[in-house]
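Heavy-atom basis, side chains included; hydrogens, waters and symmetry copies ignored.
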Amino acid sequence: MIKLFVPGRLCLFGEHTDWAGHYRTMNADIVPGAAIVTGIEEGIYAEVEKSQNFVVTSSAPQMKGHWRDFSCRMDEQELKRIARAGDFFCYCAGVASYMLQWYKVGGVSIHITSMTLPMKSGLSSSAAICVLVARAFNMLYNLNLNTMGEMNIAYVGELRTSSRCGRLDQACAFGVKPNLMTFDGDEVEVKPLNVKKHLYWVFADLCGNKNTIKILSDLNKAYPFASTEQEEQLHRALGEQNLQFVERAATYMATGQVEALGRLMTETEEVFDKQVAPLCPSELTSPKLKSVLADPYVRSLTYGGKGVGSHGDGSVQFLARDAAAQQQLVDYLSGKGMPAYRLTIKPVHTVRRAIIPVAGFGTRLYPATRSLKKDFFPVPCPDGMVRPVILILLEELIQSGIEEICLVLGSKEERQWYADFFEQPLSDDHLAKLNAESREYENRILDIGKHLHYVYQREKRGFGHAVYQAVDFAHGEPVLLMLGDTLYRTLSNKPCALQLIEAYERYNRLLVGLYPVPLAQVSHFGIMSGTWEDQDERVLRVGMLAEKPKASYAEEFLGVRSQNGQREYCSVFGQYILTPEVFDQLEADIRDADAAGDHTREIELTAALDKVLHQSGMIGLRLKGERFDMGNPRAFVETVAQFSSVSNVVTP
């Protein structure tokens, strides 16, 4: 059984431009649509598993009066008939009919355990249930659909009902974070947006009357060609003016200009009232919406506000001045019979901490490791210096903006190695023998020592157990994990670690660097498979993770298909960004082993990553870089020979 959560969505800017941009297929003069859309904290929770039939049930108290359980055969015509029935559950059947038609899947049982998402309020509860059904089929039958694929299937499935949804509704597939969506004819593109400061949003159900079908029908009459001045005004509002609004909004969010963002909300609402609402005055006069937007008390708590979705008296949204004002506004609106909800869009934590486990003895490099820890083995570098492995790793982290670094050691006695190297200045005699450049470099080494922290793995219970020793150091934040016996070299103008950090700021979930390897080498690495999320084939939505699989297994189950039809095998690069969920899972694995009396069981990181993958997802990033193994004599010799040379390949 798999547990799923799909949020509702809130369109912050750019309503109606998804369908307007679609008309570019008929009129090239129409400007592409653009919208900023975010998932919200309210949504649909469900448990899903395979079944002979298509079964959807609910025990969610919020759905009483809107739902009835149903079960039917996996028959295309029967599913299409149910899809046209008109009730809320019909959306599930619409998606299921498409999955059966094109993917020949079996049945699915979906049990909705909770629904915190208000219905018919412009927050796309119908799109959320469609995405949930598409995701259930995808995960249960290993269809390897990326997020865009799930979104497209949810959209087509909803169109098999009586709904006339827009392309931005299914943005809920991308989770609770803001995204920029562009609509150019049949093409839809989704890009995550960065947020500099906390944004305290409030949205509320106006509990008014709104006929979305009437609104869409009247506005669509102006497309694909405008025949009156008023229709031309509509084209401008949803076209070039909207592009300017969305561009400004994205800039304000990225730079933390919160007050300007609120004023922009009010400005866009004024343009909507002037240039869009006259096309459907019976629905878009919106007396209740205007009354709430003009309320003096509401305005004292907010920087700005506007309508939601198709507008009208459906829902309203505001940008509150701070967290206290946000709660005051929720209480005030709810007290006036308009259920209100908070949405705090948070800046993604820039990854500030890193962990390097160096607790291993280095058995394969014995007997050298009797007197020298393997992370102190010397390696010639392209600049002519000979550095120990650990210094190369630490320099990459500092260059990537990491502020605090935790080394996981095997014992307190090992601590002296690092104290001598990173904290003890050279004697005056030794310092005098160095040139000016080397003396300056000596200061850099001592400065790196100021960033170091130490924890100890007193029991040798596996790599995951070593990583878990840094749980307090992680402090509930995302942390970068770097292997201590692997060197990395970028092939771009950014260190590999920085590439990973910047990707985390976009995707905000468990992230693993990946590196293509030949099929013959897969048994030496952790291997990820999944579906490419982007056209450049750098971002992988991971569907499966296997530790050192046999080549025959990898060939059958783990190949990642590229655009040219080739299969690639993506190994773990050796750099990760671990989310707090990973440490929670490692703690659970340790607790389960101890409870069973098995105090020697190895706690593996891969097993914990695999569980988090199935709970909340994982992203793999193809880094623009090379890795060099230090774990055995042959690899060490090759690393020493290759790492000292300067790579000729550099990409932006």
Side-chain angles (χ1 to χ4, degrees), residues 7-15 35-43 116-118 121-124 171-172 175-180 193-208 245-246 248-273 286 288-309 311-349 508:
R9 70 99 184 102
L10 180 65
C11 182
L12 306 181
F13 296 90
E15 296 91 342
I36 295 178
V37 189
T38 183
I40 59 178
E41 294 161 2
E42 286 69 32
T116 57
L117 179 63
S121 300
L123 302 174
S124 290
C172 55
V176 184
K177 60 180 183 292
N179 290 283
L180 170 63
L193 292 177
N194 287 334
V195 177
K196 180 74 171 180
K197 294 182 178 179
H198 282 71
L199 300 175
Y200 299 100
W201 236 271
V202 172
F203 56 95
D205 185 350
L206 294 171
C207 296
F245 286 144
V246 168
R248 288 167 59 190
T251 299
Y252 295 155
M253 294 171 77
T255 56
Q257 299 182 64
V258 182
E259 292 185 38
L261 185 65
R263 290 194 299 270
L264 185 63
M265 295 173 70
T266 301
E267 186 179 344
T268 60
E269 187 68 15
E270 291 170 352
V271 170
F272 188 92
D273 286 342
S286 314
K288 198 164 187 178
L289 172 64
K290 287 182 171 55
S291 174
V292 175
L293 289 172
D295 186 310
Y297 183 68
V298 169
R299 297 181 73 168
S300 72
L301 298 173
T302 63
Y303 290 125
K306 61 192 290 291
V308 173
H311 275 59
D313 281 339
S315 296
V316 64
Q317 59 178 312
F318 298 96
L319 181 55
R321 293 177 178 269
D322 52 35
Q326 182 188 44
Q327 186 58 55
Q328 287 176 271
L329 185 57
V330 167
D331 294 341
Y332 178 73
L333 294 174
S334 298
K336 286 185 167 293
M338 294 175 281
Y341 305 86
R342 293 180 299 173
L343 170 65
T344 302
I345 301 177
K346 303 174 183 178
V348 175
H349 283 295
N508 195 20

Just so I know, are the side chains of [X] and [Y] near enough to count as touching, which here means a heavy-atom distance under 4.5 Å?
{"X": "His311", "Y": "Phe272", "value": "yes"}
{"X": "Asp313", "Y": "Leu289", "value": "yes"}
{"X": "Val292", "Y": "Lys336", "value": "no"}
{"X": "Thr38", "Y": "Ile36", "value": "no"}
{"X": "Lys196", "Y": "Thr255", "value": "no"}
{"X": "Pro347", "Y": "His198", "value": "yes"}
{"X": "Val298", "Y": "Leu293", "value": "no"}
{"X": "Val308", "Y": "Leu206", "value": "no"}

Looking at Arg342, I'd like to know if its CZ atom is crowded, meaning that more than 12 non-hydrogen atoms belonging to other residues, nucleotides or ligands lie closer than 6.0 Å. no

Just checking Lys288: does its NZ atom have more than 12 heavy atoms from other residues, nucleotides or ligands closer to it than 6.0 angstrom? yes

Taking all atoms of both residues into account, what is the closest heavy-atom pair of [X] and [Y], and its distance?
{"X": "Gly312", "Y": "Ser286", "value": "CA-OG, 3.2 Å"}
{"X": "Gly262", "Y": "Leu319", "value": "N-CD2, 3.8 Å"}
{"X": "Gly39", "Y": "Pro7", "value": "CA-CG, 4.3 Å"}
{"X": "Met253", "Y": "Leu261", "value": "CG-CD2, 3.8 Å"}

Would you compute the distance between atom [atom1] of [X] and atom [atom2] of [Y] and round it to the nearest 0.5 angstrom?
{"X": "Met265", "Y": "Tyr252", "atom1": "CE", "atom2": "OH", "result": "13.5 Å"}
{"X": "Arg321", "Y": "Gln328", "atom1": "CZ", "atom2": "CD", "result": "11.5 Å"}
{"X": "Lys177", "Y": "Asn508", "atom1": "NZ", "atom2": "CG", "result": "7.5 Å"}
{"X": "Asn179", "Y": "Cys172", "atom1": "CG", "atom2": "SG", "result": "11.0 Å"}
{"X": "Tyr332", "Y": "Leu301", "atom1": "OH", "atom2": "CG", "result": "9.0 Å"}
{"X": "Thr344", "Y": "Leu199", "atom1": "OG1", "atom2": "CG", "result": "9.0 Å"}

Would you confirm whether Ser334, through its side chain, and Asp331, through its main-chain N or O, come within 3.5 Å as a donor-acceptor pair? no

Side chain of Gln317, backbone of Ala204: donor and acceptor closer than 3.5 Å? no

Who pairs with Phe13 by ring pair (Phe, Tyr, Trp, His ring centres under 6.0 Å), at least two apart in sequence or on another chain? none

So, using ring pair (Phe, Tyr, Trp, His ring centres under 6.0 Å) as the criterion, who are the partners of Tyr303 when residues are at least two apart? none

Quickly, which of Glu15, Glu270, Glu269 forms a salt bridge (Lys or Arg N to Asp or Glu O under 4.0 Å) with Lys306? Name it, please. Glu15

Can you name the one residue among Phe203, Tyr200, Trp201 that meets ring pair (Phe, Tyr, Trp, His ring centres under 6.0 Å) with Tyr341? Phe203

With sequence neighbours excluded, what pairs up with Thr266 under the side chain to side chain donor-acceptor pair (under 3.5 Å) test? none

